[in-house]
Amino acid sequence: MSVVTRFAPSPTGMLHLGGARTALFNWLYARHHGGTFRLRLEDTDRKRSTPEAIAAIVNGLTWLGLEWDGEIVRQSERRQRHAEVAHELLAAGGAYRCYCTPEELETMRAEARAAGLAALYDGRWRDRDPAEAPPGIDPVIRFRAPQEGETTISDLVQRDITIDNTALDDMVLLRADGTPTYMLSVVVDDHDMGITHAIRGDDHLTNAFRQTQLFRALGWEPPAYAHIPLIHGSDGAKLSKRHGAVAVGAYAELGILPAAMRNALLRLGWSHGDDEIIDTAQAIAWFDLDAVNRGAARFDMEKLQSLNGHYIRESADSVLLIDLEQRLAARHPAAATDEGRRRIAALLPEAKARAKTLVELADNLAFLFRDPRDAMTPKAHRLLNGLSLETQAHLGALAYMLEELAEWDEAELERFVRAFAEGEGIGLGKIAQPLRAALTGSHASPGIFAVMVALGREETVARLNAVGILASGR
RNA sequence: GACCCCUUCGUCUAGAGGUUAGGACACCACUCUUUCAAGGUGGAGACACGGGUUCAAUUCCCGUAGGGGUCACCA
């Protein structure tokens, strides 16, 4: 039997890290087994489901590179089928009408809780004569759940878990307005879509018992379940807004590469020996549910960034170029010109190793398009102001010669400047640091010769002139 | 509160009834070096606690503590 998995988010908000990892695991499991990965939107709560949320999910999955198979299933479009199943169950005696008012249920729960019990529906309409139904109340249809014995699920991650059936109540299948609830929809859709493996967050664990009971009542076989541990924030609490970025879209903006995100998410709750850097092809080959942990993991931004730095270094320049041009052009229009692209491309190989995010990479290249004097770091400022007369003379002489240098390439520049420093009997740093400050406005940058090549002779000379270095050499 | 789950360095994790308890991120030092990174080398850092079982337990069992999840006509 071929594997069919699904990612089934409710489109009520952004696609967050936990959802993204659930999708990743489903996708990997399907790909590993040569199966199918479906996307299903659980939008049975039409009030809370929004087009924006649907777009966020679709965009998030696309950005992550988790392509789904077949059409997106929208649960709301399958209402008829869900209701039909509920009515069949009702006719067969597996469900019944309940005429409780919301207030009545509220009281029931409050009393149960006050008595120190779980707040469950007490089944008061389970065997009551429908003739006693109060007038003017639209009933809900409840599942006639087994009241004795126990239910066991064989979870692929959490192992066998058994629960006493008294811990579960008769859940609502069809609301008073006739619309299906999540619990019914999931069961019918998982069955109809032929889902073989339901891989989802641990928060659904207790649902698995209810759903298993419903599957059996319907005479169907439930899918294999795999409840993966939740992702927590750095303080160990459930991931939420206060933990900073939780939506995958935010990570794209922060300059995280999809490959890094996939790798980071993969290693949260899953491992393959001591392996840390695991690309997607390798992940597909290795991924399996038996290596998934059972405890929740905390999300670590530092590790993501470290991984991201690795994937940036591994990325082809041509790929990074497109992203960088966009990021830089937003602030410096010149970045989007031919000369701008040339400058970025020239420095990219050097700059790649110095950034953990694309934002940082763009920041590190921004000096190519602005006057260094406008954004001088304090250290760079001190560097230029504290030059001895001797050093000033050296720099001036060097700058003057640079104007006339025959070749303007990295090797030639390095050879020339080194020879110059040696000739004057001074360390290269004495020359390189002031040059760096003048050319980049910073005390730290990619290699100074690569910087000069990226800027070009004309711009290099102009910048040296602008801070008075060239003048002192004339 | 009831039910269920979890517990190895700060974090993510490997691990086996007998190991100097391994790796990664972060941290520190050294190295490389024109700066900053990257790279290399090294360092510090963990089996929650208490009982069992056993020749031997961090590993198996039971408790305790701590953490988490679920208890809707939400999903």
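Order of the sequence lines sets the chain letters (A, B, ...), proteins ahead of strands, with each chain counted from 1.
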Who is the Watson-Crick or G-U wobble partner of [N], with both distances under 3.5 Å?
N: B:U11; value: B:A24
N: B:A16; value: none
N: B:U33; value: none
N: B:G1; value: B:C71
N: B:C60; value: B:G52
N: B:C47; value: none

Measuring only the [atom1] atom in each nucleotide, how far is [N] from [M]? A whole number of Å is fine.
N: B:C28; M: B:U53; atom1: C1'; answer: 43 Å
N: B:G10; M: B:C49; atom1: P; answer: 13 Å
N: B:G23; M: B:C60; atom1: C1'; answer: 26 Å
N: B:G68; M: B:G15; atom1: C1'; answer: 25 Å
N: B:U11; M: B:A48; atom1: P; answer: 12 Å
N: B:C27; M: B:G45; atom1: C1'; answer: 10 Å

OP1 or OP2 of [N] sitting under 4.0 Å from any side-chain N/O of [X]?
X: A:R210; N: B:C3; result: no
X: A:R294; N: B:C6; result: yes
X: A:R200; N: B:A75; result: no
X: A:T12; N: B:A75; result: no
X: A:K356; N: B:A38; result: yes
X: A:N263; N: B:A24; result: no
X: A:R267; N: B:G23; result: no

Going by modelled atom types, is there a donor-acceptor pair between the base of [N] and the side chain of [X] at under 3.5 Å?
X: A:N207; N: B:A75; answer: yes
X: A:D202; N: B:G69; answer: no
X: A:R436; N: B:U34; answer: yes

What's [X] touching, base or sugar-phosphate or nothing? Going by heavy atoms closer than 4.0 Å.
X: A:M171; result: nothing
X: A:L307; result: nothing
X: A:S445; result: base
X: A:L174; result: nothing

*A:A167 has a side chain; which of B:C3, B:C4, B:C73 sits nearest to it?*
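Within the option list, the nearest is B:C3.
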*Does A:D189 pair with A:R81 as a salt bridge, N-O distance under 4.0 Å?*
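No, A:D189 and A:R81 are not salt-bridged.
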*Decide, yes or no, whether a salt bridge links A:R128 with A:E132 under the criterion of side-chain N to carboxylate O below 4.0 Å.*
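Salt bridge: yes.
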*To the nearest angstrom, how far is A:H232 atom NE2 from B:U7 atom P?*
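It is 13 Å, rounded to the nearest whole Å.
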*Should the pair A:H394 and A:F420 be assigned to parallel (<30°), tilted (30 to 60°) or perpendicular (>60°) ring geometry?*
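Perpendicular: the ring planes of A:H394 and A:F420 meet at over 60°.
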